[in-house]
J.: 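Handing you this structure, nothing more for now.
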Amino acid sequence: RTQAQVGGRGPLVLAAASLQEALTAAADSWARKGHSRPVLSFAASSALARQIEAKAPADLFVSADEEWMDFLAARKLLVPGSRADFLTNRLVIVAPAASRAGFAMRPGFPLASALGGGRLAVADPDSVPAGRYAREALTNLKVWQTVQMSLARAENVRAALALVARGAAPLGIVYATDARAEPAVRVAGWIPAEAHRPITYPLARLTTSSHPDAEAFRRFLLSGEGKAVFRRFGFGTR
Amino acid sequence: MTGEEWGIVLLSLQVSLAAMAGALPLAFVLAWVLARLQFPGKILLDGLVHLPLVLPPVVIGWLLLIAFAPEGPGGRLLALLGVSVLFRWTGAAIAAAVMALPLMVRAIRLSLEAVDPRLEAAARTLGAGPWQTFWTITLPLAAPGVLAGAVLGFARSLGEFGATITFVSNIPDETRTLPLAIYAALQLPGGDGAVWRLALMAVALSLAALVASEALTRASGSGRGGHVL
Amino acid sequence: MTGEEWGIVLLSLQVSLAAMAGALPLAFVLAWVLARLQFPGKILLDGLVHLPLVLPPVVIGWLLLIAFAPEGPGGRLLALLGVSVLFRWTGAAIAAAVMALPLMVRAIRLSLEAVDPRLEAAARTLGAGPWQTFWTITLPLAAPGVLAGAVLGFARSLGEFGATITFVSNIPDETRTLPLAIYAALQLPGGDGAVWRLALMAVALSLAALVASEALTRASGSGRGGHVL
Amino acid sequence: MSFDVDVTVRRGERAIVCRFASAGGITALVGPSGAGKSSVLEALAGLLRPEAGRIAVGGTVLFDSLARVNLPPEARACGVMFQDLRLFPHRRVLGNLLYGQRLAPPERRFLSLEEVADFLDIAPLLGRRPRTLSGGEAQRVAIGRALLSGPRFLLMDEPLTALDDARREAIIAVIERIRDELALPILLVSHDRADVARLADTVVELRP
Amino acid sequence: MSFDVDVTVRRGERAIVCRFASAGGITALVGPSGAGKSSVLEALAGLLRPEAGRIAVGGTVLFDSLARVNLPPEARACGVMFQDLRLFPHRRVLGNLLYGQRLAPPERRFLSLEEVADFLDIAPLLGRRPRTLSGGEAQRVAIGRALLSGPRFLLMDEPLTALDDARREAIIAVIERIRDELALPILLVSHDRADVARLADTVVELRP
Ligand SMILES: Nc1ncnc2c1ncn2[C@@H]1O[C@H](COP(=O)(O)OP(=O)(O)OP(=O)(O)O)[C@@H](O)[C@H]1O
Ligand SMILES: Nc1ncnc2c1ncn2[C@@H]1O[C@H](COP(=O)(O)OP(=O)(O)OP(=O)(O)O)[C@@H](O)[C@H]1O
Ligand code: MOO
Ligand SMILES: [Mg+2]
Ligand SMILES: [Mg+2]
């Protein structure tokens, strides 16, 4: 165990991979208050939701999108009343650190020409939430048609970010939280929040939950103290 | 290396060894059946064995999840035995074993097919029954394939990621093996240092396995061919 | 099956066949070197060959990305040749080939090690030079391993996911092979139907490969053992 | 009655018919190359199932197509020296010699390892791998392995070729001793007329 | 001078010393089992590198440790019939026979496939896999393969064992014909005193 603990293991939290740093920090501050440290498992939201569907015994779930939460709610796997939207995020256009690209966000902005024949790295718009938000935003900004054929669809946001950081793609669209953590890229433009549905990370307690601390940790995450941790990592809170 | 990283290495070793040891007997039986028997549907069995190779690992992980869910067939069986593999290292070992199985079967099958049946016949005339012949002649002569299968299985288990994270999630000290830790580090900006360190550990473990297998080969010195086959 | 799904199947076939065909000669050379030569650092070469097995696929994809990125060593080389593999089906084939390589090497090596050097010596006395001996004796006698390696490589390529998506991302008609399409479907609640359809296609392709390999084995009828080895 | 054989054995497209009975001692099976001598031996050893017929040795029925008797090889207790020797490549010479001896019930063992190693002159070879033996050395090990397995009858396929005179004589001496002291039925395949004339009590000729 | 041999060959812990010269015709190499006969043949064929010495056949130097000559086997053009036969299991009998013939320059070919198949009596076997041959059949195919490779000299390790009299005579007749008509140097390993006495112009004895 990484920490001497008196009370044994804390509650088991299944969380979207993009929350890794922030949720780890939140769990640390919770543990510093004398609670046993929650056990955190990070993977794709889809994988975690299917594990929950299979009745794997866990306590909390933080999803990267509402749909998988809905999926679990429909199967009565969420403790009623425990679901809450607690984090928000923004999309940004990133370019390699050396690039001078910059965009003024208005409908029809010259995204395609800025690619210069290269590809736009995004999380897969057909499956990954970040990609779906990106498609929605670009469609509303009337540039989707022009870049649709020039996408590099990555498995997740971090992989899309890596494509830009490695110079394989000249531009990419990722979450603001990811962009601020990668020194090899710079933000070339903020996608207007109105251009897409709000990006929210819902949290809920699971019906399989049996850990006595589960509810307390959920409340901590939703408390001002908990939310402050996430704001440090660039998330917005509700 | 931090203490946490050592823990991950030990867990990986435990999972991979268990997967290899658990899969080896099954792989041998399958290899033997495929090498020696002719029966209708043999190609289907062969196809089934190859399945974990052909399907993306996450699908295999998902199928395992369905099978071993408390209401799934495997889950009910294990529940009778009072065992649960969900979110447990034993589940990680199962995932690794399933993914490694096709590699092990192929290697063992190749060696079994190269065993000269005339030597087995000779053993029978010397008084060995079918089982004794198997243990004293067939198995030792197929040893190169068994060893190769074990090494391949161990290495493949060390690298197993997709089926594991899908089946048993990514739980520290329980299912977070080296590949999952590497994946997690890859997700972190500035995680490159940890990625390299963990990757090096994985490589070192596999090199150790290779050295051990070479030593075993040399010790057994299985003299192939030669007079009087 | 929709037209789009057929396209995915054809692309998968193309990528897997290219990966298998491209990796086979390299795998053979590596297998030969590992089976026949003794040199310092041999275990390191063996370890290098096993690397794609031991490391999680995304790490291999990431290493490929670094190597073949426009500023990477492989990228510069290919740029000189006017070729780019980034985001191209050729890149997907490279990823699949790299992941399949260790399996192919092992199978071929096992068969090469079982070739009786006395038969090669006999060929030399009959006037065959080292190369002729290789083509007419060594290679045909190692055929079971080469065939097994080809089947394993093809199957592994069909299932390759992590390295591919990390290296060349998921581009329809270019790099979106069956596993990537399956993965995408799995990510969506309610995508199960597509998952099953695509998975069945992958299984059908691999069964076809197995049937073809069995037919080849039977046609060559490689009579092993027998008198007078 | 030592051998009482009447079988039809299929080999590829050919049917090999072999019928003989011998009163005891050494039976020589002769015939041109490809006549089917080795095939008959395999049938006696239980490695090749005859299409039809009956095999009895020393009064024990080993095979009878009508009575549906077909003892497996390990129940027949026949010591076979194969024409292609078939030494186990993964065991040293000693391991090859002891293989059958360990499996034989003690009361059937009639020769010790020391005796066999001595008269076959293979004592210096015990630690060697079969692959490193010369042709004649391997042949002697194969004979020794068959003798040490405590057989109730012996089947020897060309045991005397490729041996120098001194070794031939030594082996012939043992074969004669086994015939005389133990009264084991022995079936010997040989192309050497002199050997056959000297050793055989019964000569069976197989025609192609 | 047909054979002019003076070599030391290492085999495991033993050093085999062999020295002889013959004026032509058939040279018989005799000696007890394990003396090193097959090893000397391998040295002549270029498969085993002697520790030291010199090998010349028909005036051509094949090996000379001082002059640093060491022709590879394929440049020596020796037809070898190995004691362990070494038929290629993946080729049919015909493929085995033609293997060396196809590689030999036409002017060195002195026998046709038909002739060889005829006097060795293997015509019916041409389509068979080596694994299905009887001991004597395989031996005859191995002899045929060596003869068809158009050799400049022949090395034959026990070519006459395990054959019936008619086949022996046929093979002896060819060997004599090759000696007389083509004047190829022939080295013959045999344990059969009668054969040696009848065939050999020179007898070389190897002691263990
Ligand atoms: N698997 C097989 N398929 C077809 N024919 C076979 C097979 N095995 C043996 N034969 C043939 O059966 C015949 C008998 O073979 P067998 O080995 O019994 O002969 P043999 O009398 O022992 O001859 P030799 O003295 O040459 O050893 C031979 O003509 C041989 O070619
Ligand atoms: N690889 C090896 N390692 C050790 N000893 C060997 C090896 N190969 C051969 N020998 C030994 O070298 C000696 C000569 O062997 P060789 O095969 O030349 O004998 P040979 O005269 O042909 O005998 P035979 O008449 O029995 O065939 C034998 O004692 C044999 O055991
Ligand atoms: O946090 Mo996610 O599931 O990679 O969008
Ligand atoms: Mg025979
Ligand atoms: Mg010899």
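By convention in this document, chain letters (A, B, ...) are assigned in the order of the sequence lines, proteins followed by strands, and residues within each chain are numbered from 1. Note that this is a predicted model, so its numbers are computed, not measured.
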J.: Who among C:Gly162, C:Pro57, C:Ser206 has the most heavy-atom pairs with chain B under 4.5 Å?
T.: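 With the most close heavy-atom pairs to chain B, the winner is C:Ser206.
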J.: So for C:Leu110, is it side chain, backbone, both, or neither that comes closer than 4.5 Å to the heavy atoms of chain B?
T.: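 Side chain of C:Leu110 only, per the 4.5 Å heavy-atom cut-off to chain B.
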J.: Could you measure the distance from the CH2 atom of B:Trp62 to the OH atom of C:Tyr183? Nearest 0.5 Å is fine.
T.: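 Result: 14.0 Å between the selected atoms.
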J.: Among B:Pro179, B:Pro117, B:Pro52, who wins on heavy-atom pairs under 4.5 Å with chain C?
T.: B:Pro179
J.: Rounded to the nearest 0.5 Å, what's the gap from CZ on B:Arg156 to CZ on C:Arg156? Could you check?
T.: 5.5 Å
J.: Side chain from CB out, backbone as N, CA, C, O: work out which of these in C:Leu200 comes under 4.5 Å of a heavy atom of chain B, or both, or neither.
T.: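 Looking at C:Leu200, nothing touches chain B.
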J.: Just so I understand: if I count every heavy-atom pair under 4.5 Å between each of B:Leu55, B:Thr166, B:Leu48 and chain C, which residue has the most?
T.: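 Of the options given, most contacts go to B:Leu55.
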J.: If you count heavy-atom pairs under 4.5 Å between each of B:Val54, B:Val58, B:Leu158 and chain C, which one has the most?
T.: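 Ranked by contacts with chain C, first place is B:Val54.
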J.: Between B:Leu63 and chain C, which part of the residue has a heavy atom less than 4.5 Å away: side chain, backbone, both or neither?
T.: side chain
J.: Of the backbone (N, CA, C, O) and the side chain (C-beta and beyond), which part of C:Leu186 lies under 4.5 Å from a heavy atom of chain B, both, or neither?
T.: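 For C:Leu186, side-chain heavy atoms alone lie under 4.5 Å from chain B.
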J.: Flag the one option from B:Ile182, B:Thr177, B:Leu178 with the top tally of heavy-atom pairs under 4.5 Å to chain C.
T.: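 The option with the most such pairs is B:Ile182.
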J.: Let me know if C:Arg106 has heavy atoms under 4.5 Å from chain B in its side chain, its backbone, both or neither.
T.: side chain
J.: Under 4.5 Å, counting heavy-atom pairs only, tell me which of B:Ala148, B:Pro102, B:Gly149 racks up the most with chain C.
T.: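 Most pairs with chain C among the choices: B:Ala148.
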J.: side-chain contact (heavy atoms from CB on, under 4.5 Å) with B:Asp46: which of C:Val151, C:Val211, C:Leu207, C:Leu210?
T.: C:Leu210
J.: For C:Glu4, is the CD atom crowded, meaning more than 12 foreign heavy atoms sit under 6.0 Å from it?
T.: no
J.: Can you measure from OG (B:Ser213) to CD1 (C:Ile43) and round to the nearest 0.5 angstrom?
T.: 6.5 Å
